[in-house]
Amino acid sequence: MSSAARPPAFLPNWPARLAWLALAAYALYAASILDITWDRFVLGLENGVRFVGRMLPPDTAADKMALMMRGLYETLEIAVLSSALGILLSLPIGLLAARNLMPAWVTWPMRLLIALCRSFHQVIIAILFVKAVGFGALAGILALTVASIGFIAKLFAEAIEEISLKQVEAIRATGAPFMNVISYGVMPQVLARFIGFATYQFDSNLRNSTMVGIVGAGGIGGTMFAAFQKFDYDYLLTILLAIIAMIMVSEALQNRIKKLYQ
Amino acid sequence: MTTAAIDREWRRYTPRQRLARFALYFGLVLACVVSLRTVQVIPEFLYDAPEQMADLFKRMWPIAWSFYPSGVHDALIETLHIATLGTLLAIVMALPLGLLAANNIAPNAAVNYFAKLLLVSSRSVNSLVWALLFVAIFGPGALAGTMAIAFRSIGFVGKLFGEALEEARPGPIEALRAAGAPWPSIYLKGYWPQVEPAFWAIALFRWDISVRESAVLGLVGAGGIGMAINAAMDLFQWERVALMLVAIFGVVIVAEVVVTFIRKRIL
């Protein structure tokens, strides 16, 4: 019986098991801290049924539809303008933050700026801009522009840091000025990825521009939050369905555009 | 007549492709121009923006550090609990959906499609909207926030986990099956070791995002530090708002450091 002497193929992994146990214990502890109990959950489900009942059927009164279309239109404007601004600003900021092209005294402030843009949620940035430039679409545009810079410029800088420097050197060796080194040595290597980041960010901006209205920064979010606070749940459902439809249409369009560039 | 071949003009794209690209660029520029012309900006508000900004920072200074123990610490811990518990809940719910969405595990196109539809609908609703819905259902508080984080995360975790499963190599699974292993063993010893690194990477990544998002859920009443921010803003206590922003900044940085550390240790 040689097989009896052979060690088992799959040894028990005690540290992993203990970690899973600790995770489960944490979940129970956190649930008790947050006062999440089964009773509340069941009570909530009853509430949920009533809530869904009040949502149906969606409210499609003509005046409310017109208000919603205005909000959706403003949301689209915010998404388009903030993406355009963010992309335009990300190009120079990303270039300046790339450590293989720029000296340290340029990259450090730029990297700090990018980190600052990234560290807060768009809605919090929107709060600050609402205070600075008042209620309305402009605050939303600026808030999402900041968020776009945090995302695109960071990834763009990282993409530039991964390029092959041979082509850059070749262009430099011909005596090309700095801008030509950038446009012929660097950009061809990273442009495809940059377009990818930009489309992703537009998608993300579209989703978030439906939200910044909650703090007064324009778009459909304001209308939606008002409907919620007035217990106008059937209108809330209409708005939610419209937002989801808009995002799905935008995703389908983006898939078409991606195919165009393959 | 060899010159005809030489003189032929070579182009990279077909006329149709060029037309489509031109239409795209035209559409993009048009969208920007139309948005720029119709967006409603009140110029009077813009003129005093620098003053308003200066005023804001002046009100935020000095930061009310002494408020931290009584008003911020508990809310901050609650935010962290909401993010962590919500992510755990999402993982538990996303695992079966991810399995159903992977076409090598559930070889049924209808099941795959249904699972993917659920995952897409979870992702296309923003976490703040999920929070609104759950506040209406469970009432204001941490339970609504936890559920919002969980439901928003299901789509993210499930999609990436399903994709990781689809990339698993069939070799080990076939070997286990040939040895007569029952299905739990096939999953635990065949699939799990292959997707485990991806699984932890996804979970950590999502937790990092959840921490950022749970900080704002309170703005709609779903618990955490957002509720404290909302209360302080309504009372124009900007020096307290500044303190909370600094606290969120600190937590986000700490979360990133923790994620990087764990990733280095286990991946």
Side-chain angles (χ1 to χ4, degrees), chain A residues 9-10 23 26-27 29-31 33-37 40-41 43-45 47-48 51 73-74 76-81 84 119-124 127-128 131-138 141 207-208 210-211 214-215 218 221 224-225 228 231 233 236 240 243-244 247-248 251 257 260-261, chain B residues 17 20-21 24 28 31-32 34-36 38-42 44-46 49-50 52-53 55-56 77-78 81-82 84-85 88-89 120-121 124-126 128-129 132-139 141-143 145-147 188-189 212-213 215-216 219-220 223 229 233 241 245 248-249 252-253:
Chain A
F10 302 112
L23 221 56
Y26 166 78
Y29 164 75
I33 288 278
L34 296 180
D35 197 21
I36 296 174
T37 58
R40 267 190 81 186
F41 189 75
L43 197 72
L45 289 186
N47 262 334
F51 177 61
Y73 188 67
E74 195 173 49
L76 268 176
E77 285 173 347
I78 293 174
V80 168
L81 288 178
S119 53
F120 286 112
H121 195 274
Q122 297 87 339
V123 175
I124 292 183
I127 293 173
L128 299 181
K131 164 73 176 133
V133 298
F135 290 101
L138 184 63
I141 293 170
R207 284 157 200 261
N208 287 320
T210 62
M211 286 306 107
I214 288 180
V215 294
M224 186 181 70
F225 197 46
F228 174 76
F231 304 106
Y233 291 146
L236 180 67
L240 284 184
I243 290 176
I244 292 174
I247 287 170
M248 288 194 166
E251 271 189 9
I257 291 173
L260 197 61
Y261 279 90
Chain B
Q17 277 174 323
R21 280 172 187 234
L24 174 66
L28 287 179
C32 288
V34 169
S35 306
L36 208 56
T38 56
V39 73
Q40 282 182 335
V41 172
I42 304 166
E44 284 76 15
F45 282 180
L46 203 54
Q52 290 287 342
M53 216 54 177
D55 179 50
L56 178 67
I77 298 295
E78 191 179 69
H81 280 317
I82 289 174
T84 316
L85 194 61
L88 282 177
L89 210 60
V120 167
S121 44
S124 38
V125 177
N126 195 295
L128 272 170
V129 175
L132 276 181
L133 297 180
F134 283 116
V135 166
I137 292 174
F138 294 115
L143 177 56
T146 311
M147 295 302 279
L188 275 178
K189 303 299 180 190
R212 283 161 204 259
E213 285 193 341
V216 295
L219 293 175
V220 296
I229 290 188
M233 270 197 323
V241 175
L245 292 184
I248 292 175
F249 185 71
V252 166
I253 298 286

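As a basis for the values below, the full set of heavy atoms in this structure was taken, side chains included, without hydrogen atoms, waters or symmetry mates. A, B, ... follow the sequence lines: proteins, then strands. Residue 1 opens every chain.
Two residues are said to be in side-chain contact when any heavy atoms from C-beta on lie closer than 4.5 Å; Leu88(B) and Tyr26(A) meet this criterion. Side-chain contact between Val241(B) and Ile127(A) is absent, with no heavy atoms from C-beta onward closer than 4.5 Å. With contacts defined as side-chain heavy-atom distances shorter than 4.5 Å, the pair Val220(B)/Phe225(A) qualifies. Met211(A) is not listed as a side-chain neighbour of Val216(B), based on a closest heavy-atom distance of 4.5 Å or more. Residues Gln52(B) and Val133(A) have side chains not in contact (no heavy-atom distance under 4.5 Å, counting atoms from C-beta outward). Counting heavy atoms from C-beta outward, Phe120(A) and Val252(B) have side chains that stay 4.5 Å or more apart. Side-chain contact between Val129(B) and Met224(A) is present, with heavy atoms from C-beta onward closer than 4.5 Å. Residues Leu133(B) and Phe228(A) are not in side-chain contact: their nearest non-hydrogen atoms beyond the backbone lie 4.5 Å or more apart.
Rounding to the nearest 0.5 Å gives a distance of 11.0 Å between CZ of Arg212(B) and CD1 of Ile124(A). Taking CD of Glu213(B) as the start and CD of Gln122(A) as the end, the distance is 8.0 Å to the nearest 0.5 Å. Distance check: Ile137(B) CD1 to Phe41(A) CZ gives 9.5 Å after rounding to the nearest 0.5 Å. The CG atom of Asn126(B) sits 6.0 Å away from atom CG of Asn208(A), with the distance rounded to the nearest 0.5 Å. Interatomic distance, His121(A) NE2 to Leu128(B) CG, rounded to the nearest 0.5 Å: 6.0 Å.
Both the backbone and the side chain of Ala27(A) have a heavy atom closer than 4.5 Å to some heavy atom of chain B. Residue Leu24(B) touches chain A through its side chain alone, counting heavy-atom pairs closer than 4.5 Å. Looking at Ile77(B), there are no atoms closer than 4.5 Å to chain A (heavy atoms on both sides), in backbone or side chain.
Heavy atoms only, all atoms of each residue included: Phe138(B) and Leu45(A) are closest at CE2-N, 4.4 Å. Across every non-hydrogen atom of His81(B) and Ala30(A), the tightest pair is ND1-CB, 3.9 Å.
With respect to chain B, the highest number of heavy-atom pairs below 4.5 Å among Ile243(A), Ile247(A), Leu128(A) belongs to Leu128(A). Ranking Gly44(A), Ala137(A), Gly134(A) against chain B, the residue ahead of the rest is Gly44(A), based on heavy-atom pairs under 4.5 Å. Options Thr146(B), Asp55(B), Leu245(B) differ in how many heavy-atom pairs under 4.5 Å they form with chain A, and the most are formed by Leu245(B). Per-residue heavy-atom pair counts under 4.5 Å with chain B were compared for Leu43(A), Asn47(A), Thr210(A), Val215(A), and the maximum is reached by Asn47(A).
Around atom CZ of Phe135(A), no more than 12 heavy atoms belonging to other residues, nucleotides or ligands sit under 6.0 Å away.
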Yes or no on side chain to side chain contact (heavy atoms under 4.5 Å, CB included) for Cys32(B) and Val80(A), after CA distance, side-chain angles and deciding distance?
CA-CA 6 Å; Cys32(B) 288; Val80(A) 168; 4.0 Å; yes
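Ala132(A) is linked by a side chain to side chain contact (heavy atoms under 4.5 Å, CB included) to Met53(B), counting only residues two or more places apart in sequence or in another chain. Not counting sequence neighbours, Glu78(B) has no partner by the salt bridge (charged side-chain N to carboxylate O under 4.0 Å, His left out) test.
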